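I have placed the structure first, in the form of structure tokens, so that the comments after it can refer back to it.
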Number of protein chains: 2
Amino acid sequence: MSGTHTGVPSQATPHADRITGDVYHSAPVTGLLRRLGERWTPAVLCLLARRARRFNALHREIDGISQRMLTRTLRGLEEDGLVVRTVFPTVPPSVEYSLSGHGRSLLPALSALMQRPDARRAETHTP
Amino acid sequence: MSGTHTGVPSQATPHADRITGDVYHSAPVTGLLRRLGERWTPAVLCLLARRARRFNALHREIDGISQRMLTRTLRGLEEDGLVVRTVFPTVPPSVEYSLSGHGRSLLPALSALMQRPDARRAETHTP
DNA sequence: CTGAATCCTCTAAGATACTG
DNA sequence: CAGTATCTTAGAGGATTCAG
């Protein structure tokens, strides 16, 4: 693996071997994963995956979350286009949150990552 | 889209609507997502998905990562059983990192989440 | 070559309290 | 009901140096 290096890092592959920090810094790939990695995001998405809910319903059903963090989580998901916020001009006001089409499209992958294979043990190295 | 299946498909957990903070605090579900949400984890996994690599190879190919963060990221992935660390007792020592079976099993879901639908626009919610 | 050890910064997250 | 406004804390992330 030595001499064939032409000195040009040009990627022939669509998903180049070389991953620049820039790509991972600004690309939505990192953004979305970071969002999903936030403390309360999985809980909110799991609940909204079943049915749309109002703010207080989420607050009641997610044990331990503060109003502040629920708001921030929902705002973040809304910014990413995963959740839709619908305001009903009633008195008192009620706001309903639901998954967007995009959010819903992420559910299969998301639930796949939520399986718990308990595969903590290191496997034997297979060369 | 496979599945006319609305609502949440999976979640092997039998219990339903109520999600306790305890579950999401200690369960591997949150742990894994948090791991994937870390800054450099996607980059490392993407590279290791192609082939096993040595420490310095990763350090060179992931632009902007520091040695400290590469070490921490790899240690974390190792703890979660997603990455296998193999030490070759050479001089100087060389260490090879590769995806474990568990780590490899996560790739489809992971790449699904890495698609960028550019669906930032809030869809017209029709109340 | 592959890390570990320090030190520092920035922000996600938590705890209250207040409001249209 | 559905938030916002502050304040504080814990830890992720970064820069640099040292070591087996």
Side-chain angles (χ1 to χ4, degrees), chain A residues 1-2 20-22 24-26 30-45 47-48 52-80 83-98, chain B residues 20-22 24-26 30-44 47-48 52-80 83-98 127:
Chain A
M1 169 81 196
S2 36
T20 67
D22 193 60
Y24 273 89
H25 199 86
S26 60
T30 303
L32 179 57
L33 283 177
R34 284 189 85 100
R35 184 74 67 198
L36 297 177
E38 284 171 13
R39 173 83 205 271
W40 301 106
T41 299
V44 169
L45 288 182
L47 287 177
L48 293 186
R53 277 150 210 265
R54 293 208 302 275
F55 185 89
N56 267 6
L58 289 169
H59 190 214
R60 246 179 292 106
E61 289 180 294
I62 303 176
D63 193 29
I65 196 173
S66 65
Q67 286 181 335
R68 175 182 140 88
M69 287 317 294
L70 180 53
T71 299
R72 287 176 62 92
T73 302
L74 288 168
R75 291 274 181 274
L77 290 173
E78 200 188 348
E79 271 180 35
D80 284 357
V83 158
V84 177
R85 179 176 180 266
T86 309
V87 182
F88 297 99
T90 59
V91 177
S94 78
V95 179
E96 190 180 81
Y97 292 92
S98 58
Chain B
T20 66
D22 193 59
Y24 273 88
H25 200 85
S26 60
T30 302
L32 179 57
L33 282 177
R34 284 188 85 100
R35 184 73 66 199
L36 297 178
E38 286 171 12
R39 173 85 205 269
W40 301 105
T41 299
V44 169
L47 287 177
L48 292 186
R53 278 154 211 262
R54 309 234 314 255
F55 185 88
N56 264 8
L58 289 171
H59 190 214
R60 253 192 309 278
E61 289 180 293
I62 303 176
D63 192 29
I65 196 174
S66 65
Q67 286 181 335
R68 174 182 139 89
M69 287 318 294
L70 179 54
T71 300
R72 286 174 60 95
T73 302
L74 288 169
R75 289 277 179 272
L77 289 173
E78 200 189 349
E79 272 179 33
D80 285 356
V83 157
V84 177
R85 178 176 182 268
T86 308
V87 182
F88 297 98
T90 60
V91 178
S94 77
V95 179
E96 190 180 80
Y97 293 92
S98 57

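Since the structure is predicted, the reported quantities are computational estimates derived from the model, not experimental observations.
- Within the structure, a side-chain polar atom (N or O) of B/W40 is placed less than 4.0 Å from OP1 or OP2 of D/dG14.
- The side chain of A/R39 places an N or O atom within less than 4.0 Å of a non-bridging phosphate oxygen (OP1 or OP2) of C/dG14.
- Per the geometry, CD1 belonging to A/I65 stands 16 Å off C1' belonging to C/dT16, to the nearest Å.
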Going by atom type alone, with no hydrogens or angles, which donor-acceptor pairs under 3.5 Å involve a side-chain atom of residues 68-76 of chain B and a protein atom two or more places apart or on another chain?
unit_1 : atom_1 : unit_2 : atom_2 : d
B/T71  : OG1    : B/Q67  : O      : 2.9
B/T73  : OG1    : B/M69  : O      : 2.6

Quiz prompt | Per-nucleotide protein contact string for nucleotides 2-7 of chain C (B base, S sugar-phosphate only, - none; heavy atom under 4.0 Å) | solution = BBB-B-
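- A distance-only check finds no donor-acceptor pair linking the side chain of A/R35 to the backbone of A/D80 [under 3.5 Å].
- Distance A/R35 CZ to D/dA12 C1': 16 Å, rounded to the nearest Å.
- For the pair B/E38 CD and C/dT11 P, the computed distance is 17 Å after rounding to whole Å.
- The separation between A/L70 atom CG and C/dA12 atom C1' is 15 Å, rounded to whole Å.
- If you take CG on A/N56 and CD on A/E61, they are separated by 11.0 Å, rounding to the nearest 0.5 Å.
- One interatomic measurement links the two molecules: CZ of B/R72 to C1' of D/dG13, which rounds to 8 Å at whole-angstrom precision.
- Residues A/L45 and A/L36 form a side-chain contact, since some pair of their non-hydrogen atoms from C-beta on lies under 4.5 Å apart.
- Considering only residues two or more places apart in sequence or on other chains, B/R85 meets the side chain to side chain donor-acceptor pair (under 3.5 Å) condition with B/Y97.
- You'll find the side chain of B/I65 stays beyond 4.5 Å of the side chain of B/L58, heavy atoms only.
- With rounding to whole Å, A/M69 atom CE is found 15 Å from D/dG3 atom C1'.
- Computed from coordinates, the A/E78 CD to D/dA2 P distance equals 14 Å when rounded to whole Å.
- As rounded to whole Å, 17 Å separates atom P of D/dA12 from atom CG of A/L33.
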